[in-house]
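Every number for a ligand or one of its atoms is a count from 1 in the order of the listing.
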Amino acid sequence: MTVVGRDRKWWKQAVIYQIYPASFCDSNGDGVGDLPGITSKLDYIASLGVDVIWICPMYDSPQVDMGYDIANYEDVYRPYGTVQDMETLIRETHARDMRIMLDLVINHTSDQHAWFKESRASRDSPKRDWYIWRPAKRSATGERLPPNNWRSNFGGGSAWQWDEQTGEYYLHLFAAEQPDLNWENPETRKAIYASAMEFWLDRGVDGFRVDTVNMYSKPAQLPDAPVTDPKAPYQPAGMLYCNGPRMHEFVGEMNAILSRYGAITVGELPNTPDMSRVLDYVSAEAKQLDMVFQFDVVDVGFGKTHKYETTPKNYTLPDFKAAVDRTQGLIRGADGWTTVFLENHDHARSVSRFTDDSPEYRVRGAKLLALMEACLSGTQYLYQGQEIGCVNAPKDTYPLENYLDLDSYLFVDMVKERHGADNKEEVDRAFNALQHLARDHSRLPMPWNGKAKFGGFSEAAEKAGVEVKEPWMKHHPLAGEISVAAQLDDPDSVLAFWRKMIRFRHEHADLLVYGDFKDLRPQDEDLFVFVKEPHQHGGDGALVVLNFTAREKTWEVPRASERGLPEGSTKLVSVMSTHSGKVREGVLAPFEGQVYLIGS
Ligand code: GLC
Ligand code: CA
């Protein structure tokens with residue numbers, strides 16, 4: 001492949017703010033976030049300096065998986081609002097010079113979608129073939145078995161659901177209520193494009209975050225997965241059902257439509273450790289997707305056989321840095337593009353995972369990560385609440401019954417099944433893992449104002465005299481300490497620092513967004529020291545030094561040779577620090593981060 005220059009594009013420089021509709025802002029006091037609530041906060045979002053908003057699924061859905069189970073692509077989940085409210089949101093976003101992306105969930109639908117209801121109605125339904133149906137297998141003793149040994153993505157159960165009425169199984173890589181569409185059928189694909197994509201593109205949306213984009217094409221014959229978890233009846237099969245034989249044909253077909261609208265795309269790309277496979281999706285030459293989310297960084301510390309079968313902070317700083325290096329490496333010598341993110345609705349809070357969320361250090365930790373992300377190459381994503389340094393809900397004030405995500409409770413069910421429901425030690429171990437990693441932490445109602453009811457989630461309704469209901473998910477016990485209102489006018493707040501960092505990134509886009517990343521001390525257990533060098537032309541680089549410990553640390557100025565330059569003196573000019581006051585070159589306070597321009 002010829003290496004072309006790193007083309008500049010508006011979306012490469014953009015910072016994209018992700019919104020989880022159920023938990024962002026409740027305008028009418030019913031305890032559920034809604035579209036008018038989002039619209040009412042657009043000025044706040046714009047004030048962060050972000051360029052794009054991405055709205056998680058707001059479609060009509062029975063909400064088994066929080067809207068990732070869609071019953072009708074062309075309608076809105078009523079508690080969130082209406083298609084008209086979406087039109088208002090799109091218009092108002094554009095009026096503030098921002099763009100808007102939606103979530104495109106087309107690997108599966110809800111079992112309540114009209115297509116599936118028809119498919120399920122009988123074996124000779126005209127839509128039978130729109131989903132993936134297979135007859136049962138039989139064991140030696142004649143027992144009914146699912147067609148293969150694949151484990152569903154949630155909990156430990158099979159990826160197949162038996163349908164009593166028509167006597168066959170259907171495939172669901174996620175929950176049983178999320179049947180997988182059959183992409184082999186061209187008629188199905190056409191319907192998906194029209195209903196899920198064109199309907200919204202015609203209403204002015206600017207792009208899509210494409211859910212589980214590499215699962216549409218399943219391997220022929222749907223073979224068994226190798227047994228990697230011998231104690232379990234069903235096996236992790238992601239390496240088999242991701243990146244199937246017709247993936248690029250399908251994504252190419254989608255892209256032909258999307259590019260007619262100039263829509264941007266970011267695809268979720270699990271189970272793709274091989275970087276050349278990633279490039280098949282995102283190299284400019286391949287014309288498939290603009291960007292992808294690789295899971296390397298956010299999966300750091302996950303258990304091997306099940307992500308929650310682990311203990312808190314089960315990784316080292318070199319592991320974390322190696323993961324960052326892999327995703328940054330995607331643009332090295334290639335014409336692809338990468339993304340920068342530490343949080344989304346599927347992960348716990350980064351301050352708790354990667355720094356220290358104690359009252360003493362959490363503000364510093366949040367700033368450290370903000371500074372790190374602002375200096376990494378690729379398109380940057382910011383998740384709601386991250387800009388105020390939200391932390392995980394503490395174990396002692398937020399009991400396990402408050403966790404509502406099916407991924408969490410199916411895991412607890414699996415543990416209880418294996419070890420007995422009254423095995424306190426194992427259940428507590430599961431709780432510890434969930435307190436550290438569960439998806440629930442990012443889904444707590446956004447703490448707008450710690451002084452208002454429920455952390456200010458329904459503040460406008462409360463002010464209007466509405467009797468506001470308790471939020472759908474219990475609000476954060478620390479909302480009194482960590483909220484937007486408490487930080488808005490505080491120049492030393494995490495919020496103020498994020499605004500500063502987004503400005504800083506935009507101003508130095510050459511180095512920070514487009515530059516080449518190099519980790520100078522990959523083995524250092526405490527410090528992350530990297531440089532960003534200008535791509536393709538000489539000139540100053542940026543040196544970033546980050547202290548991931550609660551101790552004061554010293555560091556040595558890297559020699560020119562470490563950067564691959566001829567030996568000579570190195571000049572440093574301090575340009576940014578997480579700490580106010582004078583920067584002490586060579587010394588980092590606990591969780592301090594510093595940025596220098598570095599020349600010779
Ligand atoms: C993606 C979503 C996640 C959802 C799953 C199934 O991974 O981000 O929230 O549960 O797809 O649609
Ligand atoms: Ca509401």
Side-chain angles (χ1 to χ4, degrees), residues 18-41 54-59 61-70 76-82 85 102-111 113 152-155 159 172-181 196 208-216 238 241-242 266-271 292-295 298-299 307 341 343-348 381 383 404-408 410-411 438-443 445-446 454 457-462 464 466-473:
Q18 183 188 353
I19 296 172
Y20 201 64
S23 306
F24 190 61
C25 176
D26 170 27
S27 72
N28 61 353
D30 65 355
V32 180
D34 47 55
L35 300 176
I38 299 174
T39 304
S40 75
K41 296 293 185 186
W54 147 29
I55 315 280
C56 280
M58 73 302 151
Y59 311 97
S61 159
Q63 305 290 334
V64 170
D65 184 21
M66 292 305 294
Y68 283 90
D69 47 324
I70 298 171
V76 169
Y77 177 51
R78 205 47 79 229
Y80 294 164
T82 60
D85 290 326
L102 303 185
D103 227 293
L104 183 60
V105 189
I106 49 184
N107 173 68
H108 43 265
T109 65
S110 160
D111 63 349
H113 196 293
S152 127
N153 265 291
F154 296 136
H172 60 88
L173 296 181
F174 292 87
E177 296 86 350
Q178 293 168 297
D180 280 53
L181 284 155
F208 292 106
R209 175 268 191 184
V210 195
D211 192 62
T212 56
V213 73
N214 58 353
M215 299 186 193
Y216 309 155
Y241 60 67
C242 287
V266 54
E268 208 193 11
L269 210 66
N271 298 307
V292 289
F293 292 132
Q294 293 166 262
F295 288 66
V298 287
D299 285 1
K307 63 178 174 172
F341 67 103
E343 291 188 18
N344 60 36
H345 65 292
D346 291 332
H347 291 90
Y381 289 78
Y383 182 74
L404 300 181
D405 179 22
L406 83 169
D407 205 8
S408 300
L410 290 177
F411 173 65
R439 310 200 295 181
D440 297 87
H441 296 288
S442 55
R443 302 174 178 194
M446 175 87 171
F454 310 129
F457 183 54
S458 315
E459 202 180 1
E462 192 189 346
V466 175
E467 178 88 40
V468 305
K469 287 219 182 94
E470 173 139 38
W472 70 277
M473 186 176 183

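The atoms of ligand 1 that sit less than 4.0 Å from any heavy atom of Thr212 are 11 (O). Which parts of ligand 1 touch His108 is read off a 4.0 Å heavy-atom cut-off, strictly below it: atoms 6 (C), 12 (O). Here is the list of ligand 1 atoms found below 4.0 Å of a heavy atom in Arg209: 2 (C), 8 (O). Of all atoms in ligand 1, numbered sequentially from 1 with element shown, those under 4.0 Å from a heavy atom of Phe154 are 10 (O).
Between Tyr381 and Phe293, the ring-plane angle classifies as perpendicular under the 30° and 60° cut-offs.
For the side chain to side chain donor-acceptor pair (under 3.5 Å) with His345, the lone residue among His441, Arg443, Arg439, Gln18 that qualifies is Gln18.
Between the side chains of Asn107 and Asp180, at least one donor N or O sits under 3.5 Å from an acceptor N or O. A donor-acceptor pair shorter than 3.5 Å cannot be found between the side chains of Tyr20 and Asn344. A side-chain donor from one of Asp26 and Ser458 sits under 3.5 Å from a side-chain acceptor of the other.
For the residues Asn344, Asp346, Asp407, Leu173, the heavy atom positioned nearest atom 9 (O) of ligand 1 is part of Asp346.
The two atoms that bring Asp211 and Asp103 nearest to each other are CB-OD1, 4.0 Å, heavy atoms only. Of all the heavy atoms in Gln63 and Asp69, the pair that sits closest is N-OD2, 3.3 Å.
Counting protein heavy atoms only, atom 2 (C) of ligand 1 is closest to Asp211 OD1, 3.1 Å. The protein non-hydrogen atom at the shortest distance from atom 10 (O) of ligand 1 is Asp65 OD2, 2.5 Å. The protein heavy atom nearest to atom 7 (O) of ligand 1 is Glu268 OE2, 2.9 Å. Atom 5 (C) of ligand 1 has Phe174 CE2, 3.7 Å as its closest protein atom, hydrogens excluded (heavy atom only).
At least one heavy atom of Arg439 sits closer than 4.0 Å to an atom of ligand 1.
A distance-only check finds a donor-acceptor pair linking the side chain of Tyr383 to the backbone of Ser442 [under 3.5 Å].
Residue Lys469 places its NZ atom among 12 or fewer non-hydrogen atoms of other residues, nucleotides or ligands, all under 6.0 Å distant.
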- Task: Apply ring pair (Phe, Tyr, Trp, His ring centres under 6.0 Å) to the pair Phe457 and Phe454, showing each step before the final yes or no.
- Result: CA-CA 6 Å; Phe457 183 54; Phe454 310 129; 8.8 Å; no

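When heavy-atom distances to ligand 1 are checked against a 4.0 Å cut-off, Phe295 has no atom that comes that close, whether in backbone or side chain.
For a distance threshold of 3.0 Å, the protein N, O or S atoms nearer than that to the Ca ion (ligand 2), listed by chain and number, are Asp26 OD1, Asn28 OD1, Asp30 OD1, Val32 O, Asp34 OD2.
Glu177 pairs by the side-chain contact (heavy atoms from CB on, under 4.5 Å) definition with Val64, Asp111, Ala175, not counting sequence neighbours.
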